[in-house]
Every structure is written in C-alpha cells, then in structure tokens.
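Written out below as structure tokens is the structure these notes cover.
The basis for the numbers below is simple: all heavy atoms, side chains too, and nothing from hydrogens, waters or symmetry mates.
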Amino acid sequence: FYKSAFDGELTSFQRFGDTPHGDQMSESNKQKVMHVALEAGNGVRIMGSDYMDFLDKPFNAGNNFSLSLHPESEEQADKLFANLSEGGNVTMPLGKVFWGAYFGMFVDKFGISWIINFDYK
C-alpha cells in the first residue's frame, strides 16, 4: 500500500526468521517483518517492522512505531542516543550489529520509541 501511495521503492526487507536467532522463534514470529525501508523520494525514507508481541511487551497505541534517525558517524549516533534516551529506557544499547550498522533502541522519557542506525556503508 505505502509503496504504491508514495510511488517508492523498497530498498531492504528482512524477516525475523532470517536473523541469527531465527531458529529460536515460532513459525509465525519467523514470518514477521524485522526491517523494511521504503525510499519515498525527496529525501523521505519510511522504515518499519511488525509489532513484536513475542518480546512480552503488551500492545499500547503508540508503541507500535518508532522514530528512526540515521546519523553520519558513530560519534553523532552516540550523542543523539545519550541525549534522547536520558531519563528514558534503553531497550537495546548502541553496538555493532550483524547487518553492518551501529544500532540501538530506546524509549524516551515521554514514551516515544526511537531507533538510531548508523550504516557503515
């Protein structure tokens, strides 16, 4: 739907079953989308994933999306992560991940979920 609505292109797509831990998940969770990126033109990139109910966090309207930032360096990622996560809850500390990025997640003190992703490309 969104690909068509934005006349965009999917630039990446990965299911949870394709991850290094995919063999430890139920078949239904393996089919959930871990990461999808839609390049919508004019510098707009929409990124998403399926709701992760298998992590034992209940669904609440608002926790089914995250804002995603793409800094230009590890140093910028560290600064953004530290500043925005202050007083919040870090759900995944910044670190190198298997898809070739420096990545972390947190919920800020206002309840907004954030993703920081610096690609090493």
Reported CD1-to-CG distance for the pair Ile112 and Leu67, which is rounded to 0.5 angstrom: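 Rounded to the nearest 0.5 Å, the CD1-CG separation comes out at 6.5 Å.
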Looking at CD1 of Ile116 and OG of Ser85, how far apart are the two atoms once the value is rounded to the nearest 0.5 Å?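 One gets 8.5 Å once the value is rounded to the nearest 0.5 Å.
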Hydrophobic cluster identity match, Met105 and Met34, side-chain contacts under 4.5 Å: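 In one cluster with Met105: Met34, yes.
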Is there a chain of hydrophobic side chains (I, L, V, M, F, W, Y, each step under 4.5 Å between heavy atoms) that links Tyr120 to Leu69?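 Yes, Tyr120 and Leu69 fall within the same hydrophobic cluster.
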Quick one: which residue pairs count as a ring pair (Phe, Tyr, Trp, His ring centres under 6.0 Å) with a foot in residues 67-93, not counting sequence neighbours?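 Non-adjacent pairs meeting ring pair (Phe, Tyr, Trp, His ring centres under 6.0 Å): Phe81-Phe106.
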Solution key, residues 6-17 side-chain donor-acceptor pairs under 3.5 Å, sequence neighbours excluded:
unit_1 : atom_1 : unit_2 : atom_2 : d
Ser12  : OG     : His35  : NE2    : 2.8
Arg15  : NH1    : Gln31  : O      : 2.4

Between the side chain of Glu86 and the main-chain N/O of Ala82, is any donor-acceptor distance below 3.5 Å?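 Checked: no pair found.
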Can any side-chain N or O of Ser26 pair as donor or acceptor with the backbone N or O of Asn29 at less than 3.5 Å?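 Between the backbone of Asn29 and the side chain of Ser26 there is a qualifying donor-acceptor contact (under 3.5 Å).
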Under 3.5 Å, side-chain donor or acceptor atoms of residues 92-100 against the rest of the protein: list the pairs with distances, not counting sequence neighbours.
unit_1 : atom_1 : unit_2 : atom_2 : d
Trp99  : NE1    : Asn117 : OD1    : 3.3

For Asp108, check side chain to side chain donor-acceptor pair (under 3.5 Å) against everything at least two apart and list the hits.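 Asp108 satisfies side chain to side chain donor-acceptor pair (under 3.5 Å) with Trp114 once adjacent residues are dropped.
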Please give me the minimum heavy-atom distance between Phe118 and Pro71, naming the atom from each residue.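 Taking Phe118 first and Pro71 second, the nearest heavy atoms are CD1-O, 3.3 Å.
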Under the rule for side chain to side chain contact (heavy atoms under 4.5 Å, CB included), what residues qualify as partners of Lys30, not counting sequence neighbours?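 Residues passing side chain to side chain contact (heavy atoms under 4.5 Å, CB included) with Lys30: Met25, Glu27.
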Set of ring pair (Phe, Tyr, Trp, His ring centres under 6.0 Å) partners for Tyr102, sequence neighbours left out: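 Checked Tyr102 against ring pair (Phe, Tyr, Trp, His ring centres under 6.0 Å); zero matches.
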Around atom CD of Gln24, are there more than 12 heavy atoms of other residues, nucleotides or ligands at under 6.0 Å?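 Enclosed.
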